[in-house]
Amino acid sequence: MNTNAFRLAVMPGDGIGVEVMDAALAVLDAVEKRHGLAFDRQTIPGGAHHYKETGTALDEAGFEAAAAADAVLFGAMGWPDIRYPDGTEIAPQLDLRFRMNLYAGVRPIRAIPGVPTALADPRAAGIDLVVLRESTEGLFTSRGKGVIEDDRVARDTLEITRDVTERLTRFAFRLAERRASRLGRRGTVTLVDKANVFRSFAFMRKVFYEAAAAFAEVDARHHYIDAMALDLVRRPWDFDVLPMENMFGDIMSDLGAGLIGGMGFAPSADIGDAHGLFQPSHGSAPDIAGQGKANPTAMILSLAMLLDWLGERHDSQACAEAARAVEQGVDAAFGSGEVRSYDIGGRDGTGAIARAVIGHLGA
Ligand code: ATP
């Protein structure tokens with residue numbers, strides 16, 4: 001089998017999801033030519049507007065096509081005025097996470113050269129950490145199952161399982177090992193929890209250290225979530241891989257994105273043992289949709305993560321090289337001062353940034 005040919009499910013979704021997807025696919029076109037790769041793309045309709053038109057946010061055929069692909073590239077889904085009858089958001093991405101068992105939400109927080117960070121300290125240029133959000137359980141186990149009794153009490157239940165915690169821990173340590181060889185330093189995995197108050201988190205910590213024992217080359221630590229909120233602002237450059245419960249990861253990954261220029265610079269990957277879905281950390285951004293002002297960097301870096309994941313999974317040198325080229329292209333486009341996106345006070349729109357990245361892809 002030609003390990004440089006892949007089936008790609010493309011789910012643009014709503015709002016700026018569609019715009020940043022176009023930019024990422026233009027980068028992919030260029031990457032295919034330069035690195036001898038071939039992506040057979042299937043566009044899958046879905047999202048809030050699709051729900052409005054058809055009554056379904058993502059139909060069964062869409063789920064099946066996503067599951068059958070080698071990887072899924074996802075824009076953003078959801079729109080404020082379009083909701084399910086019970087008032088909840090249209091978020092098929094959450095269903096995809098549960099149905100495809102995408103337990104590892106990988107959210108890299110890396111300072112990009114030329115992009116201003118929120119911190120004045122010069123060490124902020126060295127921010128390079130990963131918020132690893134568990135994405136199939138925790139408080140989100142209760143999604144759609146919360147109860148309200150007599151209009152007096154509301155209750156949602158948080159669940160932590162041994163199986164998922166072990167998998168997440170192993171994922172975190174393997175990721176730290178790979179990063180350690182890339183960054184040329186010893187890796188550290190820091191579990192972020194609230195084990196001093198809740199049994200579920202004390203259990204999570206116990207299972208974490210049991211599973212961590214198999215990884216001698218990486219340090220295992222823990223940190224309370226409240227202290228982590230403080231330290232992610234005070235000294236984010238000191239952290240490496242940070243696994244945490246679903247809701248904690250939801251919040252901390254936004255805080256992290258705020259450190260490195262905002263949501264437009266924060267990519268993500270939702271990875272399970274059998275599937276991978278790659279999307280920017282941001283949503284459909286209705287306030288700027290349709291204006292060509294969306295920053296496609298998070299989406300383009302998510303594409304780089306997709307290429308990196310395929311490269312490792314299929315032992316494809318071409319994919320691994322393409323992943324590095326895309327990341328370096330982003331760094332060069334911003335680092336050279338050639339482009340500055342609207343979200344950091346510049347005047348370069350979605351297309352201009354994609355073109356600049358393509359221009360820096362190298363031979
Ligand atoms: P969700 O609720 O699904 O997270 P959202 O679009 O309401 O979606 P965010 O994605 O968190 O919220 O984005 C918040 C705001 O940040 C947006 O309304 C927009 O102003 C800005 N923003 C987000 N992504 C980008 C981007 N790629 N480029 C420029 N600005 C962005």
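Computed from heavy atoms alone, side chains included, the values below leave out hydrogens, waters and symmetry copies. Keep in mind that what you see is a predicted model, and the values were worked out from it rather than measured. One-based numbering, in listed order, for ligands and for the atoms of each.
The protein reaches atom 6 (O) of ligand 1 closely, with a heavy atom under 4.0 angstrom from it. Per-atom contact check: atom 26 (C) of ligand 1 touches the protein, criterion being a heavy-atom distance below 4.0 Å. For atom 3 (O) of ligand 1, a protein non-hydrogen atom is found at a distance below 4.0 Å. Put simply, atom 14 (C) of ligand 1 has no protein non-hydrogen atoms near it, under 4.0 Å away.
Donor-acceptor pairing under 3.5 Å is recorded for the side chains of Y103 and D273. There is no side-chain donor-acceptor pair under 3.5 Å between T157 and E159. With no hydrogens or angles considered, a side-chain donor-acceptor pair links E137 and T161 at under 3.5 Å. Of the N and O atoms on the side chains of R221 and T190, not one donor lies less than 3.5 Å from an acceptor on the other residue. Checked by atom type, the side-chain pair D193/H222 shows no donor-acceptor distance below 3.5 Å.
At least one N or O atom of H282, backbone or side chain, sits closer than 3.5 Å to an N or O atom of ligand 1.
Residue S284 approaches ligand 1 through these ligand atoms, each under 4.0 Å from one of its heavy atoms: 6 (O), 8 (O). For ligand 1, the atoms lying closer than 4.0 Å to a non-hydrogen atom of I16 are 24 (N), 25 (C), 26 (C), 27 (N). Heavy-atom proximity to A294, at under 4.0 Å, picks out these atoms of ligand 1: 28 (N). Using a 4.0 Å cut-off to heavy atoms of G264, the atoms of ligand 1 that qualify are 26 (C), 27 (N).
Which of D287, N295, T350 comes nearest to atom 19 (C) of ligand 1 through a heavy atom is settled by distance: it is D287.
With salt bridges taken as basic N to acidic carboxylate O contacts below 4.0 Å, none links R167 and E134. Between K33 and D29 there is no salt bridge, since none of the side-chain N atoms of the basic residue sits less than 4.0 Å from a carboxylate O of the acidic one.
When only non-hydrogen protein atoms are considered, atom 16 (O) of ligand 1 lies nearest to M263 CG, 4.6 Å. The single protein non-hydrogen atom nearest to atom 31 (C) of ligand 1 is I288 CD1, 3.9 Å, given as residue, atom name and distance. In this structure, atom 8 (O) of ligand 1 lies nearest to the protein heavy atom G283 CA, 3.2 Å. In terms of protein heavy-atom proximity, atom 21 (C) of ligand 1 is nearest to A285 CB, 4.7 Å.
Cation-pi geometry between R133 and F248 is not met at under 6.0 angstrom from the ring centre and within 45 degrees of the axis.
Ring geometry for F208 against F173 counts as tilted: the plane angle lies between 30° and 60°, on a 0 to 90° scale.
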